[in-house]
Each structure stands twice: as C-alpha cells, then as structure tokens.
Number of protein chains: 2
Amino acid sequence: MKKVNKSRYAILGMLFDQPLSGYELRKRMLSSTTYFWNETDASVYPMLRILEEEGMVTAKTEFVGKRARKVFTITQAGKDDVTAWLALPAEQEHPRSELLLKLFFGAFVCKEITIKQLEQRLQQCQETQKTFKTIENEIAQAPDTHPQKLFWELSVRRGTIDVEATITWLNECLERLKRNNEKKIQN
Amino acid sequence: MKKVNKSRYAILGMLFDQPLSGYELRKRMLSSTTYFWNETDASVYPMLRILEEEGMVTAKTEFVGKRARKVFTITQAGKDDVTAWLALPAEQEHPRSELLLKLFFGAFVCKEITIKQLEQRLQQCQETQKTFKTIENEIAQAPDTHPQKLFWELSVRRGTIDVEATITWLNECLERLKRNNEKKIQN
DNA sequence: GTCGACATGTAAATAGTTACATGATTCT
DNA sequence: AGAATCATGTAACTATTTACATGTCGAC
C-alpha cells in the first residue's frame, strides 16, 4: 500500500481559512504545530508549486516595494481534498525514540551514562512544560467565539499531559537506577 | 550537521550480548522494541553487510539441513561503537502526529468526524494497554539477577505511562467536543 | 554599513518503505 | 497438498533533510 504524502494536507490545512505565503506558512507552523508537525523550506516551496499545478491552490504575487511574496489561496478542490483526508482514520504511529533505545541498552554501559541521559531529558521536559504554559495563555486570550480555539486548546493539552507523564516516568527511572547497584555487562 | 544512521546502533545493541541471524534479530525487535524502534528486512540485511565490512561484526553461516542462516557476532570494535553512541546525548524528537494534525484542523470538518478519530484511537490505546500488561508479566518472570531486567522494565513502563496519559487526554477531548456545539467553519 | 528578519527556491544526499523474488522446512 | 514460518536478499520509489544560493528591507 502506497503511503500518502501528508505534507500536502498540513499545508492545505494551514491555508484553509486564510491565504498565506510560503514563508508565513512556515512561520505559523513553527509557532503552532511544531511539537507535532513541521515542514522545512525544502518541503514547503516545492509542495506549494505542486498544489498550484493540481489546482488545489491559486498563487498571486504581491509586492512590498521590490520584495515579492507569492500568496497562496486554497480553492474548493483544495478544501475538498483536505476535508476528505481529515475523515480518513489516522494511522497509528510508533515513532522511533532514541532515548528509549538507549535506555533499553542501558545494561551495556555504566549506569551514570544512562542517568545523565535521563537527567538531560528531564531538564528539556521542564523547559517544554514552560513553553506549553505560555502557549496555553496565548490561546486563552483568543475570543471564545473563535471556531478554532477549542481545537488549539485540545492540541496543546496533549502536549501538557504528555510532558507531565514523561516527567513522572523520568523521575521513576532515575529513582530506580540510583537505588540499583547492579554492575554493567562486561565489555 | 550530518545525521547519524541509528539503525546501525539498534542492530549492534541487539547483538551486544548474543550472536543472532538477521531474521532472529528482526523477530526480537518485533517482540521487544516495536513500540519505540523497528527495522525492516530492507534495512537490517544491508546494514548487517555494512557492519561486517566495517569489522563491527563477524558473520558465520550455519546450516540446518539445507537451510542456511548467517549468524552475526559483535566484535570489540562493534561494542566500542555502540557504547560510544550510548553516551552521546539523545536527540530531542518531535515526531509527526497525524492524529494531532487532524485534531488541530478539527474546525474545518463537522465534529462527528473528529470524535470518530478520537474514539478509534481510544480503542487502539486500550488494546495497546493490554499488550503492555502482557509484556510486563513476561519481564517479571525473568530472574532478578538478569542484568537487562531493570532496563526492560523501565522501557515498558514508559509505554504504560504514555498510553495511560493518552487515554486521559482522549477522554477529556471527547467530553469537551461532545459538550461543545459550535458549528464548523464554512467550506 | 551590517545584522537580523523577510522571502524563495534548488541540488544532493540519505533514510526509509514497499514490493518483488526465491527457496527450505515444518506442521496440519 | 497447502499453509505458515524460516531465511535472505534486491529494486524501485518516496520522503525528508542539509546545504547551497540569492536578494530585499528596516533598524541600529
């Protein structure tokens, strides 16, 4: 079974309720969906061109002085395309986790190494937690009538819950590792 | 900055304490690390060959009747290679989540569609939860002296905690969506 | 005048997946 | 006899990332 290219839907979704340039689109993703979806320059610009050729978006070049920006507007065909995809059941993903793999092989190195890995991640998580709080506050400022507000809230909520669970787990790991006195496997 | 190929370390790690054939190696991954790490045939066999050429593993063909299996044993260089990698700080990952993206765009479709997505995921999570319980029981049977036992426990624990947090979040989402009566954005 | 943000793209490489291809052995 | 599992691999494709390349505009 062929995999569908999901970048197209991420882009069409961002354009659904407002026309954007490639640059703006990336900036928005960076400030809203980064934690669960991201595109790079090298994926956004070529995909916008493809979508234009397919008639999913229309392009219009605007000028601010000499600086040109190509603003993309979604078409009805484009809207139909995303909404059809939104109804398709989301694939269950098992993304690779480098940290888990390293922990899984923890018996092959001295435990200080693994402890350090976990402590570093703990710190990162605490940072992320702050970020999510900031984002939550920003969303709270949007008027309750904004049709997307609820969905933004639920999306960040996922991040908050996830990071909390991760912190719980990390602390449990650290406690058990520090308690444990086993030697590492000979190498 | 060039990204390192992590498949090699996953494979070297699996070979660390016992020689395995490519087939066995994949089977082990499938039954132990699937939820956070997986390799396919098309990545395992070529990588084993590369590792052999690099002197990280040695190969020996064994026969069971006419059926040949190539068993790979890790070398000292191979062990040094993995252990060095294990000490490198694990990259923070923001894996793409199709479900999150679909939820984020939830305002563009009628809410029944999003509710269905979440309910499907809830069911999958409940299945996964059972699987983790089974795995936990299996690990519990290993002798406490087994040097890897603690790390196996901590790894599944991550899965358990994660799936519980996800279920909490999904229920919260479903409750709020069902309560909410907003109309979707015109399309 | 130079730094950072605005703005758009291409080229090359790498990683990862799917489909293909083959054949042996064991179990029912 | 046929299915499932054992066993190893390649070819083709698709996706994704990194690095490159270029130029504008506003603020300090």
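This is a predicted model, so every value here is computed, not measured. We name chains A, B, ... by the order of the sequence lines, and we start the count at 1 in each one.
- For M47(A) and dT17(D), the CE to P distance is 13 Å, given to the nearest whole Å.
- The interatomic distance linking E62(A) (CD) with dT8(C) (P) rounds to 10 Å, in whole Å.
- To the nearest angstrom, P of dA15(C) lies 15 Å from CD of E93(B).
- Among the protein residues, R67(B) comes within range of the nucleic acid bases, having at least one heavy atom under 4.0 Å from a base atom.
- Put simply, CD1 on I50(B) is 11 Å from C1' on dA15(C), counting in whole angstrom units.
- In this structure, S21(B) does not reach the dC6(D) phosphate: none of its side-chain N or O atoms is under 4.0 Å from OP1 or OP2.
- Of the possible polar contacts, one joining the T75(B) side chain to the M56(B) backbone as a donor-acceptor pair under 3.5 Å is found.
- Stretches of at least 3 consecutive Watson-Crick or G-U wobble pairs, with each checked distance under 3.5 Å, appear in DNA chain D as C:1-28 with D:1-28.
- One can place NZ of K66(B) at 18 Å from P of dT22(C), the figure rounded to the nearest angstrom.
- Side-chain atoms of N171(B) and E175(B) form no donor-acceptor pair, as typed in the model, at a separation below 3.5 Å.
- Note on R49(A): a side-chain N or O is less than 4.0 Å away from OP1 or OP2 of dG9(C).
- When each of G65(A) and K70(B) is assigned the nucleotide of DNA chain D with its nearest heavy atom, K70(B) is the one assigned upstream, toward the 5' end.
- Under 3.5 Å, the side chains of T33(A) and R28(A) contain no donor-acceptor pair of N or O atoms.
- For the residue pair Q141(B) / N137(B), no side-chain donor-acceptor distance below 3.5 Å is found, with atom types taken as modelled.
- Atom CG of D81(B) sits about 4.5 Å away from atom OH of Y9(B), to the nearest 0.5 Å.
- For A42(A), whose side chain is taken as the heavy atoms from C-beta onward, the closest listed nucleotide among dT10(C), dT8(D), dA11(D) is dT10(C).
- Among the heavy atoms of the strands lying under 4.0 Å from K27(A) are primed sugar atoms or P, OP1, OP2 only; no base atom is included.
- The backbone N or O of L88(A) lies less than 3.5 Å from a partner atom in the side chain of K102(B), making a donor-acceptor pair.
- Here the C1' atom of nucleotide dT17(D) and the CZ atom of R26(A) are 12 Å apart, to the nearest Å.
- Within 4.0 Å (heavy atoms only), R8(B) reaches no atom of the nucleic acid at all.
- The aromatic rings of F16(B) and F108(A) lie parallel to each other, with less than 30° between the two planes, well short of the 60° mark.
- Going from atom CD of E39(B) over to atom P of dG9(D) covers 16 Å, rounded to whole Å.
- In this structure, OH of Y45(A) is placed 17 Å from C1' of dT16(D), rounded to the nearest angstrom.
- Distance from the side chain of Y23(A) is smallest for dA7(C) among the nucleotides dA7(C), dA15(C), dC6(D).
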